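Heads up: the structure comes next, in structure tokens.
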There are 2 protein chains.
Amino acid sequence: MAQSDTVDRILDAAEELFAERGFSETSLRMITSKARVNLAAVNYHFGSKNALIHAVFGRFLTPFSATLENAFDELEARCGGNPPTLNQTLWALTESAVRMPQRNEKGISIFMRLLGLAYTQSQGHLRKFLELEYGEPFNRFMRLLKEATPQLSAVDRYWRIQFMLGATAFTMSSSDALQDILRNKLGVETTVQEIAARLVPFLAAGMQAPDALLVPPTSSKIPVA
Amino acid sequence: MAQSDTVDRILDAAEELFAERGFSETSLRMITSKARVNLAAVNYHFGSKNALIHAVFGRFLTPFSATLENAFDELEARCGGNPPTLNQTLWALTESAVRMPQRNEKGISIFMRLLGLAYTQSQGHLRKFLELEYGEPFNRFMRLLKEATPQLSAVDRYWRIQFMLGATAFTMSSSDALQDILRNKLGVETTVQEIAARLVPFLAAGMQAPDALLVPPTSSKIPVA
DNA sequence: ATGTGCGTCAAACGTATGTTTCAAACAGAC
DNA sequence: GTCTGTTTGAAACATACGTTTGACGCACAT
């Protein structure tokens, strides 16, 4: 069959296994047996396990970052001069993620889970790879956030962005488990689109909360400064 | 020296290494060499690596859950009948965490990072252990949150709680790295208390955001339902 | 037909892991 | 001092990992 679809079969299997088990917990033997290819094929085609991880991320991150750049271009053009609002910026990101052409119905949740893992698991090589390869759209996103929240001090904005990233990465990185709980306890099915639709208002509201460093409303005496 | 501080030295080393590298990425040999004890001591005193992980969690989670129960008792007593507000509930949790006696200055960030890892890394045995052992205070916290946000639907509330947990666990778990960045880029020192003081208003605002499932403010046609 | 590259295969490599073993060292009770 | 149960020590165990090897098959150009 033409030339080797082995590469794609490996990428598909690796993507799925990484997403559901993490990187260290997924062995090459699991990947190759799920993909029904020979063990040596990974090292032959990719060179190493780390390079395979990079390839898995590159396969969906490269088209995504292009889509995202376009979305930001369009958004800034539509706003002509004025900086886009916080909601517009967040939605541009969300739409770009949701609209990505998916390989299968689990595509986007795998995508999200992998991003969460990349942030959470402290794989040094991965973080360097992602910063080097995809740092630019990330920085652009940060710049848009800054322009959309001029009322925040630099320190407040910095921390609130961390909170946003945390809520997003954490939710997405455990989304399968969470969806299981929700299905069992509440009997509800949830799509990634619905989660995103709930997440964005939460983030926007938190981002625009009244200034921090209020004294807690209890009788307490926490040292806040 | 009395009876073996070997156990504590192992727990100290394991706690720190788990927090900074994750569970699978931390070998027993790293732990025992950091603790300067013999390799066999772990299996002798704890039985297995998994049991060691449980012991690490138990050591800080047991006193914490007791502190937390007291804080909730006191809060409910003070409110006499009326359900505590969202802010009060969040502050009760935060104070309990911050006021825990710390083994060292990194105590609370290790604590948070471990909780985040427990949620994120799909270690089945750990989740079962935590649910079995500490499910009760967690459920009580959830009940308080429910009573404090009667306007939310069960599904909305469920997801927003996940967002809160994510922002918290993520932020606290990387707070050392984040504080370094902040110190370098903005020239500011930050304590865990200050981070908490910024986090709680963010969470409260997100939790009380207008109902979700709004159509995005752009021209888009995302399927939100 | 024949040689050349590329992809696949089973097998092995060296290393690191969690766990076990068993002898030695130690403590406190009598 | 001697005994007894507990804790440590160095070494080995079996297994799993990522990676490498070298033979083999197959297409295609000459």
Side-chain angles (χ1 to χ4, degrees), chain A residues 1-59 114 117-118 121-126 128-129, chain B residues 1-59 114 117-118 121-126 128-129:
Chain A
M1 17 213 80
Q3 41 85 289
S4 108
D5 57 348
T6 302
V7 169
D8 288 307
R9 294 232 305 282
I10 292 176
L11 285 174
D12 289 340
E15 181 177 85
E16 205 162 325
L17 286 171
F18 286 153
E20 70 187 33
R21 314 180 30 102
F23 304 111
S24 313
E25 293 80 1
T26 302
S27 71
L28 291 184
R29 285 169 175 82
M30 292 178 199
I31 294 171
T32 54
S33 91
K34 181 183 180 101
R36 280 171 303 129
V37 304
N38 188 271
L39 170 61
V42 169
N43 283 280
Y44 177 78
H45 287 287
F46 298 95
S48 70
K49 183 181 181 180
N50 279 352
L52 170 62
I53 296 177
H54 297 173
V56 166
F57 275 87
R59 186 168 64 152
L114 285 176
L117 285 182
Q121 313 214 166
S122 57
Q123 304 257 8
H125 69 95
L126 222 194
K128 273 174 198 158
F129 169 78
Chain B
M1 24 208 78
Q3 43 85 287
S4 103
D5 57 349
T6 303
V7 168
D8 287 306
R9 293 233 303 283
I10 292 175
L11 286 174
D12 288 340
E15 180 177 87
E16 205 161 327
L17 286 171
F18 284 153
E20 69 188 33
R21 314 181 29 102
F23 305 111
S24 315
E25 292 80 1
T26 302
S27 71
L28 291 184
R29 285 169 176 81
M30 292 178 199
I31 294 171
T32 54
S33 91
K34 181 184 181 101
R36 279 171 305 128
V37 303
N38 189 269
L39 170 61
V42 169
N43 283 280
Y44 174 78
H45 288 286
F46 298 95
S48 71
K49 183 180 180 181
N50 280 351
L52 170 61
I53 296 177
H54 297 173
V56 166
F57 277 86
R59 185 169 64 151
L114 285 176
L117 285 182
Q121 313 218 160
S122 58
Q123 303 259 6
H125 68 94
L126 222 194
K128 273 174 199 157
F129 169 78

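First the proteins, then the strands, lettered A, B, ... as listed; each starts at 1. These numbers were taken from a predicted model, which means no experiment stands behind them.
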Self-check item: Partners passing side-chain contact (heavy atoms from CB on, under 4.5 Å) against Leu39(B) (at least two apart in sequence or in another chain)
Solution: Leu28(B), Arg29(B), Thr32(B)

Quiz prompt | Contact under 4.0 Å: His45(B) side-chain N or O vs dT8(D) OP1/OP2 | solution = yes

Quiz item: Atom CZ of Arg36(B) and atom C1' of dG9(D): how far apart are they, to the nearest Å?
Solution: 16 Å

Practice problem: Go through the structure and list residues passing side-chain contact (heavy atoms from CB on, under 4.5 Å) with Ala41(A), not counting sequence neighbours. | Solution: Thr6(A), Ile10(A), Val37(A), His45(A)

Quiz item: How long is the line joining CZ of Arg9(A) and P of dG7(C), in whole Å?
Solution: 15 Å

Quiz item: Taking the side chain as C-beta and beyond, is there a heavy-atom pair between Phe46(A) and Val56(A) under 4.5 Å?
Solution: no

Quiz item: How would you list, by chain and number, every residue that makes a side-chain contact (heavy atoms from CB on, under 4.5 Å) with Lys128(B), sequence neighbours excluded?
Solution: none

Self-check item: Test side-chain contact (heavy atoms from CB on, under 4.5 Å) applied to Ser48(B) - qualifying residues, sequence neighbours left out
Solution: Asn50(B), Ala51(B)

Practice problem: Answer yes or no: does a side-chain N or O of Thr6(A) lie under 4.0 Å from OP1 or OP2 of dT8(C)? | Solution: yes

Grab the N/O contacts between the protein and nucleotides 16-19 of chain C below 3.5 Å, and write none if there aren't any.
| from | atom 1 | to | atom 2 | distance (Å) |
| --- | --- | --- | --- | --- |
| dT17(C) | OP1 | Ser27(B) | OG | 3.3 |
| dG18(C) | OP1 | Lys49(B) | NZ | 2.7 |
| dG18(C) | OP2 | Leu28(B) | N | 2.8 |
| dG18(C) | N7 | Arg29(B) | NH1 | 2.8 |
| dG18(C) | O6 | Arg29(B) | NH2 | 2.9 |
| dT19(C) | OP2 | Asn43(B) | OD1 | 3.4 |
| dT19(C) | OP2 | Lys49(B) | N | 2.9 |

Quiz item: Want to settle it: does Tyr44(A) or Asn38(A) sit nearer the 5' end of DNA chain C, counting the closest nucleotide to each?
Solution: Tyr44(A)

Quiz item: Between dT8(C) atom P and Asp5(A) atom CG, what is the distance in whole Å?
Solution: 8 Å

Exercise. Can you run down the salt bridge (charged side-chain N to carboxylate O under 4.0 Å, His left out) pairs that involve residues 31-45 of chain A, sequence neighbours left out, and say none if there aren't any?
Key: Glu16(A)-Lys34(A)

